[in-house]
Every structure is written in structure tokens, then in C-alpha cells.
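Letters A, B, ... mirror the listed sequences (proteins, then strands); counts begin at 1.
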Amino acid sequence: NAGVMQNPRHLVRRRGQEARLRCSPMKGHSHVYWYRQLPEEGLKFMVYLQKENIIDESGMPKERFSAEFPKEGPSILRIQQVVRGDSAAYFCASSPGGSGANVLTFGAGSRLTVL
Amino acid sequence: AQKITQTQPGMFVQEKEAVTLDCTYDTSDPSYGLFWYKQPSSGEMIFLIYQGSYDQQNATEGRYSLNFQKARKSANLVISASQLGDSAMYFCAMRPLSGTSYGKLTFGQGTILTVHP
């Protein structure tokens, strides 16, 4: 039973390029969450999605960042025109339902480096 | 808004000893869930233990137990019989169980635990 799969594990981009991070939730999980971790810090919530719906995007920067979770395929976190400050680890998590008691299962993370 | 505070940037413990990692929280939500995650040097986030604010008993999972004191708003993690493989960063986190922000897990800054042989 595969866990949460994220790819790529490492991504290097130059300033101004686009970064696309993919996340396939655990089998049976329909809720996906994206978090960002800057060096030496805890994880910060970005966005919470269900299939074809954004439930809570209160943690997403207003510009350049977008997320989707289509009916078919993985969830995508897209960062346009990357800047050095976007360098971070981006974690995806999934859960079977939206209840606050549900444990979020995290992927191994995608580490973005912006040159 | 929710806030998690972990006041110990780093902790050291001797192998086979017990260690307590502190976590205090602040929230206006009437019900909430408290979580501990472990992040080893390889970087993945591993779930350890969960405590609901309505739970009467403290949660336990193998060598992990959560010392939940609701009046003090604390949710300390106790690791018994420490092992070398317990060396990692540990994060305390919380999440409302209802309301518009129930999807949002708020993390503390983390505590780095080092287990000495």
C-alpha cells in the first residue's frame, strides 16, 4: 500500500522559471494538503484541496502560487516566476476525510532550490 | 488563530532513558486535535501520536505517550527507553476539529532530540 508519493524529490530552477510539484495521495484518500518548510523552521500550511475543489487556500501567497487537485491525476503545486525566497521543502499530505481527527500522512517532500 | 510553542530548541538524552519534549498551545477552538510528528535527517514527516481535546485519557503508542494537561494547555511528548534511532526533529501540531479552518494543521518550531549511546 503505497504512501503519499511526491515528485520530483529535488528540483533546481533558475529565477523566473516555473516549478511544478506533484503529489499522489494515499489510496483511498481524497483530501490533499500542501505545506512549506523553510530551513530551521516548522511546516507552514499553504492549501487544502479535495478533488476539483480548493477548500482552504489561506496560506497560499497571493501571487505566483497555485494548486489544483483534478478529478484524475495527482495534485499539482505550481510556482510561477520563482525567486530565491521560494527555496524550501514542499510537503504534501493526505487524509481519508476532512475531520480534524484524521491523521495527515505526509509524503517525503520536494526540495526546491532556486539559483 | 492557533499557536504552538516548543520552547526546547534541542534536547539530549542517554540511550534507554526517558525524555519529555515540551509543547504548549493556544487556541480559541472549542475542540481540537493535537499531533506529534518526527522528522529524521532524511527529511520525511512521520506521525507518532494523536490526542483529541475531548479524550479523557492520555494517548499512548508503544514507547510514545502524550502528557495532555488541558487546563495548562500543554501536550508534552514522552519517549520511554530512548533509542539511537530516536535522534530527530520532533514537531508538535494542532488542528481544529470543526469550523472553517479544520483543514489546517499548525506546527511548532520543533525540538531536535539527540540520543547518546
Would you sort out whether Q39(B) and F91(A) count as a side-chain contact (heavy atoms from CB on, under 4.5 Å), showing the intermediate values? CA-CA 12 Å; Q39(B) 187 176 40; F91(A) 286 89; 3.4 Å; yes
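A pairwise comparison of heavy atoms in A108(A) and E44(B) identifies CA-CB, 4.2 Å as the closest pair. Across every non-hydrogen atom of R111(A) and S42(B), the tightest pair is NH2-O, 4.3 Å.
The local environment of CZ in R63(B) is crowded, with over 12 non-hydrogen atoms from other residues, nucleotides or ligands closer than 6.0 Å. Annotation: Q80(A), atom CD; neighbour count of heavy atoms from other residues, nucleotides and ligands within 6.0 Å is above 12. Surrounding NZ of K16(B) are at most 12 heavy atoms belonging to other residues, nucleotides or ligands under 6.0 Å away. Annotation: M5(A), atom CE; neighbour count of heavy atoms from other residues, nucleotides and ligands within 6.0 Å does not exceed 12. For NZ of K3(B), the number of neighbouring non-hydrogen atoms (other residues, nucleotides, ligands) closer than 6.0 Å is 12 at most.
Residues Y90(A) and M89(B) fall into different hydrophobic clusters, defined by Ile, Leu, Val, Met, Phe, Trp and Tyr side chains chained together at heavy-atom separations under 4.5 Å. Under the 4.5 Å side-chain contact rule for hydrophobic residues, L115(A) and L112(A) do not share a cluster.
Note that CE of M45(B) is 4.5 Å distant from CG of L43(A), once rounded to the nearest 0.5 Å.
Y37(B) touches chain A through its side chain: at least one heavy atom from C-beta onward sits under 4.5 Å away, while N, CA, C and O do not. For a residue to count as touching a neighbouring chain, one of its non-hydrogen atoms must lie under 4.5 Å from one of that chain's; by this rule Q37(A) touches chain B with the side chain only.
Ranked by heavy-atom pairs under 4.5 Å with chain A, the list G43(B), P9(B), S31(B) is led by G43(B).
F47(B) pairs with exactly one of T105(A), V103(A), L104(A) by the side-chain contact (heavy atoms from CB on, under 4.5 Å) rule, that one being V103(A).
Judged by distance alone, with hydrogens and angles left aside, the side-chain atoms of Y35(A) form a donor-acceptor pair with the main-chain N or O of L105(B) at under 3.5 Å.
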